[in-house]
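Within every chain, numbering begins at 1; the chains are lettered A, B, ... in the order of the sequence lines, protein sequences first and strands thereafter.
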2 protein chains.
Amino acid sequence: MKLEDEIQQRVFKSPYQKAYLNVVFTAGWLQQRLAAAFKPYGITLPQYNVLRILRGQHPKPATVNLLIERMLDKTSNASRIVDKLEAKGLVTRQVCPSNRRAVDIRITEAGLDLLLRTEELANAQHSGLENLSGDEAAQLSDLLDKIRS
Amino acid sequence: MKLEDEIQQRVFKSPYQKAYLNVVFTAGWLQQRLAAAFKPYGITLPQYNVLRILRGQHPKPATVNLLIERMLDKTSNASRIVDKLEAKGLVTRQVCPSNRRAVDIRITEAGLDLLLRTEELANAQHSGLENLSGDEAAQLSDLLDKIRS
DNA sequence: CTACATATAATGTATGTACATATATTTGCA
DNA sequence: TGCAAATATATGTACATACATTATATGTAG
C-alpha cells in the first residue's frame with residue numbers, strides 16, 4: 001500500500017520527509033510480520049537474532065560483549081535477552097574460566113533444533129523483499145548506506 | 001558506514017537479505033539520532049509524533065482513535081503516550097460532551113511552544129537523508145512502497 | 001603489593017510495543 | 001423498552017529499548 005494511505009497523510013514536505021517516514025514505517029512493517037511468524041515458536045525477534053549469532057559461534061561460546069557487537073541494536077540489553085533464552089533452555093550460561101568477569105554463552109541442542117524448524121521463516125521469500133528484483137534490492141541497500149555515510 | 005562493518009557480518013545470503021537488514025538497521029539508526037535530539041526537551045519520539053498530530057488538528061480536539069489512525073505504529077498504546085504528555089502539561093484531556101465514550105485531546109500552549117522550539121530538529125537537513133538527492137529520495141520511497149505492495 | 005582505573009556483566013527505572021482483557025457508553029434491533 | 005452488540009478508551013502483563021548505576025574481576029602504576 002502507498003505510504004500516503006498507510007499513515008493517512010496526503011502531503012509530504014519533501015521527498016526527504018517522505019523517504020524518512022517510509023524507511024521507518026517499512027522497517028516496522030517488516031519486523032511486525034516476522035515477529036508474528038516467530039510467535040508460535042515462543043521466541044521474539046531479538047531472541048531469534050541472538051540465537052543466530054550463537055549458532056554462528058557454535059561450538060565455541062560467545063560472551064555478552066560479542067553479542068552486543070553483532071546485534072543490530074547495540075543499545076538493547078543482551079543480558080536480559082539471554083535470561084529469557086536460558087529460562088527456555090535454548091542457551092546455557094557459564095562463568096568463563098579464563099576470565100571470571102565474562103560469561104560463556106552457548107546454544108543448546110534445543111536451540112539448534114528451534115533454528116532448524118524456523119529456517120524458512122527468515123527467508124526472503126516471505127519477507128516482502130521478494131517483490132523486488134535482485135538489482136533493486138542492491139540499489140535499495142546502496143541508497144540506505146548513503147543515508148548513513 | 002557500510003552495513004558489513006556496522007553489524008560485523010561480512011557475507012549476506014542474498015541482496016534480499018542484505019536489503020532487509022539494511023532497512024531495519026537504518027530505521028533504527030535514524031530513530032536513535034532523532035530521539036537523542038529530542039531528549040534535552042524532555043519528550044520521546046512517539047510523544048513528539050502525537051504532539052505533531054495534535055497541532056495538525058488544533059484548535060479542534062483529537063480522539064485516541066484519531067491518534068491511532070495517524071500514528072506510524074498502529075499497535076502502540078496511544079492512551080499511555082497521552083498520559084505522559086498530560087503529566088507534562090503539553091496536552092489536555094476532557095471527556096467528549098457529544099460522545100462520552102470518547103476523550104477530546106488538545107495540545108496546550110506549552111505543547112505548541114515546545115514544537116516551535118524543536119522545529120528544526122525533525123528537519124531533513126539533520127536527519128541523514130540530506131545525503132541523498134531529491135531524485136534518490138523519491139526512488140528510495142518507490143522501492144520501499146514496492147516491498148509492502 | 002596495594003590503590004586505582006578499567007573491563008564485563010547484571011540490575012534498576014522509565015518508556016514503549018504487542019496483545020489480551022476490562023469498563024463504560026452508545027447503538028441497533030427484537 | 002430492554003438487551004445484545006459495537007464502540008471508545010483504559011488497564012494488565014510480558015518483553016524490549018535506552019540509559020544510569022552497581023558488583024566483581026582484572027590490569028597496572030607507583
Side-chain angles (χ1 to χ4, degrees), chain A residues 24-25 27-51 61-69 71-88 90-105, chain B residues 24-25 27-51 61-69 71-88 90-105:
Chain A
V24 171
F25 182 80
W29 186 90
L30 287 169
Q31 291 189 100
Q32 270 180 39
R33 280 163 46 112
L34 198 50
F38 279 109
K39 194 160 197 220
Y41 296 91
I43 57 167
T44 64
L45 228 41
Q47 289 169 18
Y48 170 75
N49 289 327
V50 165
L51 281 183
T63 62
V64 170
N65 259 344
L66 186 139
L67 293 179
I68 292 171
E69 279 171 17
M71 283 167 73
L72 283 189
D73 194 328
K74 317 277 183 223
T75 69
S76 87
N77 205 320
S79 244
R80 276 186 279 232
I81 293 171
V82 172
D83 283 349
K84 304 291 156 56
L85 292 171
E86 192 183 19
K88 287 184 264 227
L90 302 174
V91 310
T92 61
R93 231 192 308 220
Q94 181 189 6
V95 170
C96 173
S98 64
N99 178 355
R100 293 190 7 230
R101 285 169 299 188
V103 175
D104 283 345
I105 304 159
Chain B
V24 171
F25 182 80
W29 186 91
L30 286 170
Q31 289 190 101
Q32 269 180 40
R33 281 163 44 111
L34 198 50
F38 278 111
K39 193 161 195 219
Y41 296 90
I43 58 168
T44 65
L45 228 40
Q47 290 170 15
Y48 170 74
N49 289 328
V50 167
L51 281 184
T63 63
V64 169
N65 256 345
L66 185 139
L67 294 179
I68 292 171
E69 280 172 17
M71 283 167 75
L72 283 189
D73 194 330
K74 316 278 185 221
T75 70
S76 86
N77 207 319
S79 245
R80 275 185 280 230
I81 293 172
V82 172
D83 283 349
K84 304 293 155 58
L85 291 171
E86 192 183 18
K88 287 185 264 228
L90 302 175
V91 310
T92 61
R93 234 194 304 222
Q94 178 189 9
V95 171
C96 171
S98 64
N99 179 352
R100 292 190 9 229
R101 286 171 301 187
V103 174
D104 282 345
I105 304 160

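- Atoms NZ and CZ, on K74(A) and F25(B) in that order, are 6.0 Å from each other to the nearest 0.5 Å.
- Note that OG of S79(B) is 7.5 Å distant from CD1 of I68(B), once rounded to the nearest 0.5 Å.
- When rounded to the nearest whole Å, the span between CD of Q32(A) and C1' of dA16(D) equals 14 Å.
- Applying the side-chain hydrogen bond (donor to acceptor under 3.5 Å, both in side chains) rule to N99(B) yields the partners R101(B); only residues at least two apart in sequence or on another chain are considered.
- Summarising the geometry, the separation between NZ on K74(A) and P on dC19(D) is reported as 15 Å, rounded to the nearest angstrom.
- Straight-line distance from the CG atom of L34(B) to the C1' atom of dA18(D): 15 Å, rounded to whole Å.
- Across the protein-nucleic acid pair, Q31(B) atom CD and dT17(D) atom P stand 12 Å apart, rounded to whole Å.
- The nearest pair of heavy atoms linking V50(B) to M71(B) is CG2-SD, 4.3 Å.
- A pairwise comparison of heavy atoms in I105(A) and V82(A) identifies CD1-CG2, 4.0 Å as the closest pair.
- Here K88(B) pairs with Q47(B) under the side-chain hydrogen bond (donor to acceptor under 3.5 Å, both in side chains) rule; sequence neighbours left out.
- Taking each heavy atom of T63(B) and A102(B) in turn, the nearest pair found is CG2-CB, 4.3 Å.
- Scanning both residues, A36(B) and P40(B), for their nearest heavy atoms gives O-CD, 3.2 Å.
- Distance check, rounded to the nearest 0.5 Å: OH of Y41(A) to CG of L90(A) gives 14.0 Å.
- In 5' to 3' order, the nucleotides of DNA chain C bounding all contacts with chain A (an atom under 4.0 Å from a heavy atom) are dA7(C) to dC19(C).
- Annotation: the span from T44(B) atom OG1 to L34(B) atom CG amounts to 11.0 Å, rounded to 0.5 Å.
- Heavy-atom nearest nucleotides on DNA chain D were determined for D73(A) and for I68(B), and the one closer to the 5' end corresponds to I68(B).
- Closest of all the heavy-atom pairs between R93(B) and V103(B) is CG-CG1, 3.2 Å.
- Of the residues in residues 96-104 of chain A, N99(A), R100(A), R101(A) come within less than 4.0 Å of DNA chain D through at least one heavy atom, sorted by number.
- Residue S79(A) is in base contact, counting any heavy-atom pair closer than 4.0 Å across all strands shown.
- For the pair T75(B) and V82(A), both in contact range of DNA chain C, the more 5′-proximal nearest nucleotide belongs to V82(A).
- The two atoms that bring P46(B) and I81(B) nearest to each other are CB-CD1, 3.8 Å, heavy atoms only.
- If you check every strand for non-hydrogen atoms under 4.0 Å, N77(B) touches a base.
- In the helix from dC1(C)-dG30(D) to dA30(C)-dT1(D), the terminal helix axes, each the rotation mapping four pairs' C1' atoms onto the next four within five end pairs, subtend 10°, rounded to 10°.
- Remark: T44(A), P46(A), Q47(A) in residues 36-49 of chain A come within less than 4.0 Å of DNA chain D through at least one heavy atom.
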